Amino acid sequence: MVVIGLGRFGGSLAMELIERGTDVLALDNRPDVVQRYSDSVTHAAVADSTDPEVLRQLDVPEFDRAVVAIGDDLEASILTTSLLAEFEVGHIWAKAVSRQHGRILERVGAHHVVLPEHDMGERVAHLVTGRMLDYIEFEDDYAMVKTRAPAMAAGHALGESRLRSKYGVTVVAIKRPGEDFTYATQDTRLHEGDILIVSGRSRDVERFADLT
Ligand code: ADP
């Protein structure tokens, strides 16, 4: 895996990949930044990723996966992504700082665009205003939340409580105080204070979490 741009996002990503046992070639055009990672990653090099010759010398075209983690320098981010696409790197992930930036990255060949600041802002907005303990939104307006069991659902087996038909949500897993999460079944009885993992359309899971 190649990670280009070792700012806060790219740097954390490279370290996480290494911890998971993935080989990482980490590139940045600032020597002081590369120095910081040279002992931790498989291979770190000072390189301007907008230069195709430099990328070729580092065998970047041979990689199957690459992450462009350059955010603020739009020109460098776009140019780097388009070079990786020209090299036909199979899986190109690119970090965008805005939706427009993301659209351009897709157009020049990124297969996946991530908007870490935007996504985290949206997620934290759910946590600070609502009753959710955690919130992940997937594409197509579908989400999974961690929330407390609402009082009205207490005492009933999930099969009887008809949460799916009434609220459009599915309880996926449940955690009792002091226990680990287990899969929920039709016979699982909810108690007030149980922690639930609930999935469904974003609007429906939000409405369900507001019942607590
Ligand atoms: P973050 O918000 O995650 O910290 P930044 O955009 O601040 O992201 O950091 C991006 C990193 O990418 C910086 O360390 C910068 O030196 C590096 N970078 C910028 N342009 C290039 C380039 N042309 N080639 C290689 N690395 C680059």
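In what follows, every heavy atom counts, from backbone to side chain, and hydrogens, waters and symmetry copies are set aside. A quick note: this is a predicted structure, and the numbers were derived from the prediction, not measured. Start at 1 and go down the list; that is how both ligands and their atoms are numbered.
In terms of heavy-atom proximity, R189 sits nearest to R176 at O-NH2, 2.5 Å.
At a threshold of 4.0 Å, the pair R30-D28 does not count as salt-bridged, since none of the basic side-chain nitrogens sits closer than that to a carboxylate oxygen. Looking at E16 and R20, a side-chain N of the basic residue comes within less than 4.0 Å of a carboxylate O on the acidic one, giving a salt bridge.
The protein heavy-atom contact nearest to atom 4 (O) of ligand 1 is R8 N, 2.7 Å. For atom 9 (O) of ligand 1, the closest non-hydrogen atom of the protein is G7 CA, 3.6 Å. Looking only at heavy atoms of the protein, atom 19 (C) of ligand 1 is closest to I70 CG2, 3.8 Å. At the top of the distance list for atom 12 (O) of ligand 1, counting protein heavy atoms only, stands G5 CA, 3.3 Å. Ranking protein heavy atoms by distance to atom 8 (O) of ligand 1, first place goes to K95 NZ, 3.5 Å. Nearest protein heavy-atom contact of atom 26 (N) of ligand 1 is N29 N, 3.2 Å. For atom 13 (C) of ligand 1, the closest non-hydrogen atom of the protein is D28 OD2, 3.4 Å. Looking only at protein heavy atoms, the nearest one to atom 7 (O) of ligand 1 is D72 OD2, 3.6 Å.
Remark: of the listed residues V113, I4, V114, L13, V114 is the sole one forming a side chain to side chain contact (heavy atoms under 4.5 Å, CB included) with K95. The only member of E62, R56, Q57 that meets side chain to side chain contact (heavy atoms under 4.5 Å, CB included) when paired with D59 is E62.
No hydrogens or angles considered: a donor-acceptor pair under 3.5 Å links the side chains of T50 and D48. With hydrogens and angles left out, the side-chain atoms of Y142 and S202 include no donor and acceptor closer than 3.5 Å.
Those atoms of ligand 1 that come under 4.0 Å of a heavy atom in A76, given as number and element, are 20 (N), 23 (N). Below 4.0 Å from some heavy atom of A47 lie the following atoms of ligand 1, by number and element: 24 (N), 25 (C). Atoms of ligand 1 found under 4.0 Å from any heavy atom of F9 (numbered from 1 in listed order, with element): 3 (O). The ligand atoms of ligand 1 that sit less than 4.0 angstrom from a heavy atom of A69 are 10 (C). Remark: ligand 1 atoms within the under-4.0 Å shell around heavy atoms of T50 are 23 (N). Applying the 4.0 Å criterion to heavy atoms of G71 picks out, from ligand 1, the atoms 6 (O). Each of the following atoms of ligand 1 lies closer than 4.0 Å to a heavy atom of R30: 16 (O).
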| request: Would you check, one step at a time, whether the test side-chain contact (heavy atoms from CB on, under 4.5 Å) holds for Y135 with V145? | output: CA-CA 4 Å; Y135 178 90; V145 301; 3.4 Å; yes
| Full working for side-chain hydrogen bond (donor to acceptor under 3.5 Å, both in side chains) between S98 and H118 | CA-CA 8 Å; S98 67; H118 175 273; over 6 Å; no
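The cluster map of Ile, Leu, Val, Met, Phe, Trp and Tyr, joined by side-chain heavy atoms under 4.5 Å apart, puts F87 and M1 in different clusters.
Looking at S49 against ligand 1, both its backbone and its side chain come within 4.0 Å, counting heavy atoms.
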